[in-house]
Structures are given as C-alpha cells and as structure tokens.
Amino acid sequence: MKARRDWQARIHRPSGEVTAVPAVDLPPPGGLRATPGRGCVTLTWEPVPGATGYLVERSPFREGPYAVTSQPDVDVAAVPSCRYVDTGQDPCWYRVSAVGGPAGSPVHGPSGGSGVAKVEISGEVARELPRPWRFMIGSEHLSYLLEEKELAQALALAHTELGVATVRAHAILGEVGIGEDGYDFSRVDQVYDTIMEIGLRPIVELSFMPEALASDPAKTVFGYEAIISPPKDWDAWGDLVRAFTQHCADRYGLQELIDHWAFEVWNEPNLEVFWSGTPDDYFRLYEISAAAVKDVHPSLRVGGPSSAANGWVEELAARGLPVDFVSTHTYGNAPLDWRPALERHGLAGTPIWWTEWGPTPTHFHGIGDGPFGASFLLHGMKSAAGRLEALAHWVASDHFEELGRPPRIFHGGFGLLTVGNLRKPRWWALELANRLGDEELVARVEGDAGGVEVWAARRDDGTVGVLAWNGTLNQAKADGDPDLSRTVTLTVTGLGEGDHTVSHHRIDERHSNIRAHWHGKADWPTDEEWEALRRANVLEELTPPVTTSGSTVRLAFDLPMPGVSYLEITP
C-alpha cells in the first residue's frame with residue numbers, strides 16, 4: 001500500500017448522529033381545484049414558496065381518512081408541480097399538502113368530460129429548449145462492455161442518436177488491483193479508453209469497496225458481489241481515491257477531468273442493501289473522498305449523496321462539505337424540485353443531477369418494454385427541463401446483470417435498448433425529443449386534456465416540431481384505457497407564409513412498439529426472427545405527409561393512452 005498523504009491530516013472526522021435538518025414551516029397550498037375529465041380528475045393548486053413537491057391525498061369521505069395517491073412501484077409519491085391527474089378512481093374527495101407541511105381544505109372531484117384536448121401553439125419563443133436527457137445516461141458496470149460488445153454499441157448509439165455526453169455506472173473501483181507494490185489501474189484504463197473512444201465521458205461513481213480495503217468483505221450486493229461495507233482503514237480509502245483521481249488526470253489530462261468529468265460518492269447509501277455502515281459513516285466517506293479528489297485539483301467536481309428516493313439531500317447540504325453538484329434518484333414519478341431546499345442551505349445555483357431515473361425501480365417489470373414507458377419519459381423530461389441539469393435514464397441497454405443476465409428478449413429490463421439493440425418505445429420517445437429545435441415555443445393545452453402534454457420547438461430553418469403525449473402515473477393503466485384516450489385539436493400559428501409539409505410519427509401499442517412484433521413463444525429469436533425484428537424496428541408514421549398552405553396549420557387526431565405523436569411542420 002502507498003504511503004499516507006499529508007492531505008489526509010486536514011480532514012475533519014465527524015462523529016455522532018447525522019446533522020438534524022430544521023423543519024420548514026410551510027403553509028397548505030391554496031386554490032385547490034378539481035376539474036372533471038373523461039376517466040380522470042385533474043387537480044390544480046397554487047404554488048407554496050419553499051416547497052420541493054406536493055402530496056395528493058384522496059378519500060371517499062370529506063372527513064377522511066385520507067391516503068396518499070401512490071403506486072406500489074413508485075418510490076416517491078410526491079409530485080413537483082401544481083397539477084396532478086388522477087385516473088381510474090371513483091368520485092372522491094382530495095386534499096393537497098406541500099412536502100413537510102399540512103394539508104389544505106378538501107375538494108370533491110367527480111369525473112366526466114368531452115375527451116377533447118385543445119392544443120394551441122404560437123410562434124412566441126418561451127426559452128431555449130432545455131434537454132436534461134443529454135447530459136448523462138446510466139449503464140451496467142462498465143467492465144461489462146469489455147466482454148459484451150453490444151453494450152459498447154448501445155452506449156455509442158446513445159451518444160450519436162440521443163446526444164448523450166456522459167455515462168454513470170457502478171463499481172469502477174472493483175477494477176483496481178491493490179497489492180503491496182501499489183495500485184494497478186490497467187483494467188480501469190481499458191474501460192475508460194473504450195468510453196472515451198465512443199465519445200462519452202465518465203461520471204465516476206466512487207464505488208464499491210475493494211476487497212483489500214473492506215471492513216466486512218462478506219457484505220455484498222448484486223450477482224457480481226460488489227462489497228458494500230465501509231473501509232477498515234479510512235486513510236487507505238482516501239489514498240485510493242486520490243491515487244485513482246491522479247491516475248485519471250495523468251492519463252486523460254487534468255483539464256479534461258475539470259471540464260468534463262465528475263466524481264460521485266457511492267450509490268444509494270441510505271439503503272442498507274448498498275451501504276452496511278451507519279449514516280455518519282457515509283458522511284465520513286464523503287468528506288474523505290471529496291478531500292482526496294480536490295487534493296488533485298480544487299476545481300474537480302465532487303457531489304452526492306447519490307441517494308435513493310430523495311434521501312439525505314438536505315443532510316448533506318447542512319454539513320458544510322464541498323458539494324459541486326447534488327445527486328439523488330427517483331423511479332416512477334417526475335423528480336422533485338430541490339432548488340428551494342438548497343437555497344435554504346446556502347447552495348443556491350448548485351447543479352442538481354438525477355443520476356438514476358426511470359419508470360420503475362423493479363427488475364423484470366414489464367411496463368418499461370411498451371409505450372407506457374415512452375409517455376412516462378417525456379412527462380419526466382419536460383417536468384425537469386429548466387430546473388435540473390441532468391435527468392439520467394437508468395439504463396441504456398438490457399445488457400445488465402445485477403440479478404443475473406437477461407433471461408429472454410422482452411423481460412421488462414431497464415434498458416432503452418433490448419439485447420440485440422432493438423429500440424424500445426422509450427428510446428423512440430427520447431429520439432423524438434432530440435429532434436426538437438432550440439427555440440421552445442409557447443404551447444397551451446386546454447379542454448379535457450387529461451394526461452395530454454405538449455412540447456413544441458422551432459429550428460433555425462423554420463421547421464416546427466410538436467411532441468404530444470398522453471400518459472398517466474397510474475401503472476394499473478399501463479396497458480391503456482379507452483376512457484383516457486383523447487381527440488387532440490391542434491392549431492399552430494406564426495408559421496411562415498407559403499406551403500408546409502406536415503409529417504406525423506406515432507408511438508403506441510400498434511406503432512413503433514417492437515414488443516408487438518414478437519410472438520413470445522420462445523425466450524430468444526432465431527436468426528431469421530432477429531432479422532425480421534430488425535426490419536420492424538422503425539419509427540412509424542401514422543399517416544403519409546401532407547402539404548398545407550398559409551401561416552396557420554389546423555388538424556385533429558386521436559391520441560390513445562399511452563401514446564406519443566410527433567408532428568413536424570417543414571417549410
């Protein structure tokens with residue numbers, strides 16, 4: 001083992017309980033309104049300053065008892081915005097609270113509506129279009145790509161077709177050889193050289209514990225037995241992190257690391273399955289890791305707590321440690337808004353990265369393979385746009401072995417791409433979002449909108465893209481519900497004079513849904529079936545392109561739930 005570094009003596013060793021976070025006195029939201037719709041009730045309310053999110057409760061009786069609206073597979077029930085669409089429920093009473101605050105007065109919400117959503121898009125520019133999917137994507141542990149070339153191909157596709165810049169994965173420190181003569185980084189070099197050749201940069205998750213340093217090597221997670229225990233020698237951990245960081249700076253260039261890399265401390269330490277130490281042990285790990293990275297150069301970025309379900313964010317912010325970005329995870333819902341909390345702790349403007357996010361945290365859950373996942377991804381990305389720097393989908397590929405390798409082609413994997421790199425509806429959703437131009441246009445959705453949302457943007461050549469989707473957070477409706485389908489009447493104004501070509505692409509159960517082309521009678525396709533699936537794996541047009549004249553386009557179309565439409569209006 002290398003000699004101890006002088007910088008380690010500068011580290012404060014915290015002890016005792018996790019720093020208590022003072023409670024925030026938040027009032028109940030005002031202006032709660034329940035608007036009936038076909039198959040749903042839409043709740044809206046006024047924002048509460050300082051709130052990170054809101055909890056919606058329902059009850060069949062005005063006096064209660066009330067229960068939070070949630071799903072079995074959703075790890076955070078709160079929503080970040082002042083709108084919630086409740087689907088598939090009998091008429092009931094609702095009340096809403098800011099997270100950590102009291103609930104306001106209840107309102108009654110009957111269902112019933114026309115089923116027509118009116119969408120109007122003007123030529124008015126709202127802002128430059130934020131693209132939170134482009135910063136980062138998740139992956140299985142990166143050494144896997146050295147043996148599974150399709151994983152490397154999947155990451156390359158994410159970079160070239162979705163514009164993704166960085167990749168985050170677990171367990172890179174497991175690739176470091178540790179002996180009496182020092183460290184062997186040759187395996188890490190193979191991994192990171194491959195990533196750099198693809199055009200991506202790593203977001204380095206400092207995990208898991210190398211066996212030589214572990215206080216309890218028997219504490220493991222995943223099929224590849226990643227060690228989750230604290231170090232037996234805290235100085236040795238700090239020395240490893242510093243040596244690792246210095247090696248990467250020497251190999252790839254210090255300025256490269258400053259400009260494009262970042263270091264995240266551990267993964268979901270607030271879950272016992274990923275961290276066998278105490279909460280205070282984690283914050284000690286964080287402090288030592290941050291000091292080690294910044295001893296190489298103070299401008300290198302370090303962040304955390306990389307927690308599950310929004311945990312420990314304020315606890316980290318309150319400790320006064322270096323925090324260049326805040327990271328946490330959520331599944332099954334749109335990310336909460338941590339900006340007010342960070343501002344309270346003197347961290348206003350600190351980048352917020354959701355380094356894991358997706359429709360489900362559960363392995364082998366089928367909702368990710370079909371169109372439900374496509375509308376879910378677009379809902380989350382639009383919600384995050386402009387308030388988060390990164391919303392990283394977990395993960396790029398179904399080449400994933402946490403609980404063993406994929407048992408069949410459509411097994412409910414986390415990936416945007418199947419084994420074989422077939423594009424799932426979720427992939428097509430991000431590909432369509434990536435087609436939008438840089439000028440986001442003002443869009444209004446009125447009428448019986450239900451789960452219909454719209455994102456519109458204009459390119460430099462005047463092409464206008466309109467991305468409309470119909471979704472729900474209610475996973476019980478993942479296979480669709482006729483009552484939640486909508487007729488969309490679309491009006492786009494402010495176009496240039498002259499002719500325009502209008503194309504219409506669609507993702508739904510029958511379009512751009514590769515799962516619908518698989519008979520499911522076997523676990524894996526034959527060679528001939530692989531070829532047939534690849535031919536069918538296209539983004540489908542709902543109707544042939546049409547030509548219109550004038551500065552306004554008007555049309556109507558049916559949009560099932562779940563479903564996504566992308567209309568492109570080209571001069």
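Bear in mind that the values here come from a model prediction, so they are computed numbers and not experimental data. Counting from 1, the numbers follow the sequence of the chain as shown.
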J.: Look only at the side chain of Asn333 and the backbone of Ala78, and say whether a donor-acceptor pair between them is shorter than 3.5 Å.
T.: yes

J.: In this structure, which one of Val176, Leu142, Val204 forms a side-chain contact (heavy atoms from CB on, under 4.5 Å) with Val188?
T.: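 Of all the options given, the one that passes is Val176.
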
J.: Measure the CZ-OG distance between Arg168 and Ser139 for me, rounded to the nearest 0.5 Å.
T.: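 It comes to 11.0 Å.
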
J.: Would you give the length of the straight line joining atom CG of Asp75 to atom CG of Leu271, rounded to the nearest 0.5 angstrom?
T.: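 Going from CG on Asp75 over to CG on Leu271, the span is 9.0 Å.
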
J.: Taking Ser383 for the side chain and His379 for the main chain, is one N or O donor matched with an acceptor at less than 3.5 Å?
T.: no

J.: Would you say the ring centroid of Trp357 lies under 6.0 angstrom from that of Phe376?
T.: yes

J.: Establish, yes or no, whether a centroid distance under 6.0 Å links the rings of His365 and Phe414.
T.: no

J.: Quick one: do Asp193 and Arg251 make a salt bridge, cutoff under 4.0 Å?
T.: yes

J.: When the ring centroid of His247 is compared with that of Tyr183, is the distance short of 6.0 Å?
T.: no

J.: For salt bridge (Lys or Arg N to Asp or Glu O under 4.0 Å), just list the numbers for Arg319 and Glu287, CA-CA rounded to whole Å, side-chain angles, deciding distance to a tenth of an Å, and then say yes or no.
T.: CA-CA 10 Å; Arg319 294 179 77 89; Glu287 184 176 15; over 6 Å; no

J.: Which one of Val302, Leu300, Thr350 satisfies the side-chain contact (heavy atoms from CB on, under 4.5 Å) criterion with Asp324?
T.: Val302

J.: With a 6.0 Å cut-off on the ring centroids, do His170 and Trp394 count as close?
T.: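 Ring-ring flag for His170/Trp394: true, centres closer than 6.0 Å.
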
J.: Look at atom NZ of Lys477 and say whether more than 12 heavy atoms of other residues, nucleotides or ligands are closer to it than 6.0 Å.
T.: yes

J.: For the residue pair Trp353 and Ile203, establish whether any side-chain heavy-atom pair is separated by less than 4.5 Å.
T.: yes

J.: Please check if the distance between the ring centroids of Trp312 and Tyr286 is under 6.0 Å.
T.: no

J.: Counting only heavy atoms not in Asp479 (residues, nucleotides, ligands), do more than 12 fall under 6.0 Å from its CG?
T.: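 Atom CG in Asp479 is not crowded, with 12 or fewer foreign heavy atoms closer than 6.0 Å.
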
J.: Starting at OG1 of Thr194, measure out to CG of Asp189 and round the result to the nearest 0.5 Å.
T.: 10.5 Å

J.: When you look at CD of Glu343, are more than 12 heavy atoms from neighbouring residues, nucleotides or ligands closer to it than 6.0 Å?
T.: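 No - once you tally the heavy atoms of other residues, nucleotides and ligands closer than 6.0 Å, there are 12 at most.
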
J.: Counting only heavy atoms from other residues, nucleotides and ligands, does the tally under 6.0 Å from CD of Glu161 exceed 12?
T.: yes

J.: Is the Phe222-Phe400 ring centre distance short of 6.0 angstrom?
T.: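 No, the ring of Phe222 stays outside the 6.0 Å limit from the ring of Phe400, centre to centre.
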
J.: Starting at CZ of Arg134, measure out to CE of Met136 and round the result to the nearest 0.5 Å.
T.: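 One gets 15.5 Å once the value is rounded to the nearest 0.5 Å.
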
J.: Contact between Arg242 and Val293 at the side-chain level, heavy atoms closer than 4.5 Å - yes or no?
T.: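 Contact flag for Arg242/Val293 side chains = no.
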
J.: Parallel, tilted or perpendicular: which describes the rings of His399 and Tyr144, with under 30° parallel and over 60° perpendicular?
T.: perpendicular

J.: Does Glu57 use its side chain to pair, donor to acceptor, with the backbone of Arg95 at less than 3.5 Å?
T.: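 No: the side chain of Glu57 does not pair with the backbone of Arg95.
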
J.: Under a 4.0 Å N-O cut-off, is there an ion pair linking Arg515 with Asp369?
T.: no

J.: Any side-chain to backbone donor/acceptor pair from Thr69 onto Val56? Under 3.5 Å, distance only.
T.: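 At least one qualifying donor-acceptor pair exists.
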
J.: Are more than 12 heavy atoms from other residues, nucleotides or ligands located less than 6.0 Å from atom CD of Glu211?
T.: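 Count not over threshold, so no.
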
J.: Does the Arg387 side chain pair with the main chain of Leu336, one donor and one acceptor, at a distance under 3.5 Å?
T.: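 Looks like yes, one N/O pair under 3.5 Å.
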
J.: Is there a donor-acceptor pair under 3.5 Å between the side chain of His329 and the backbone N or O of Ala309?
T.: no

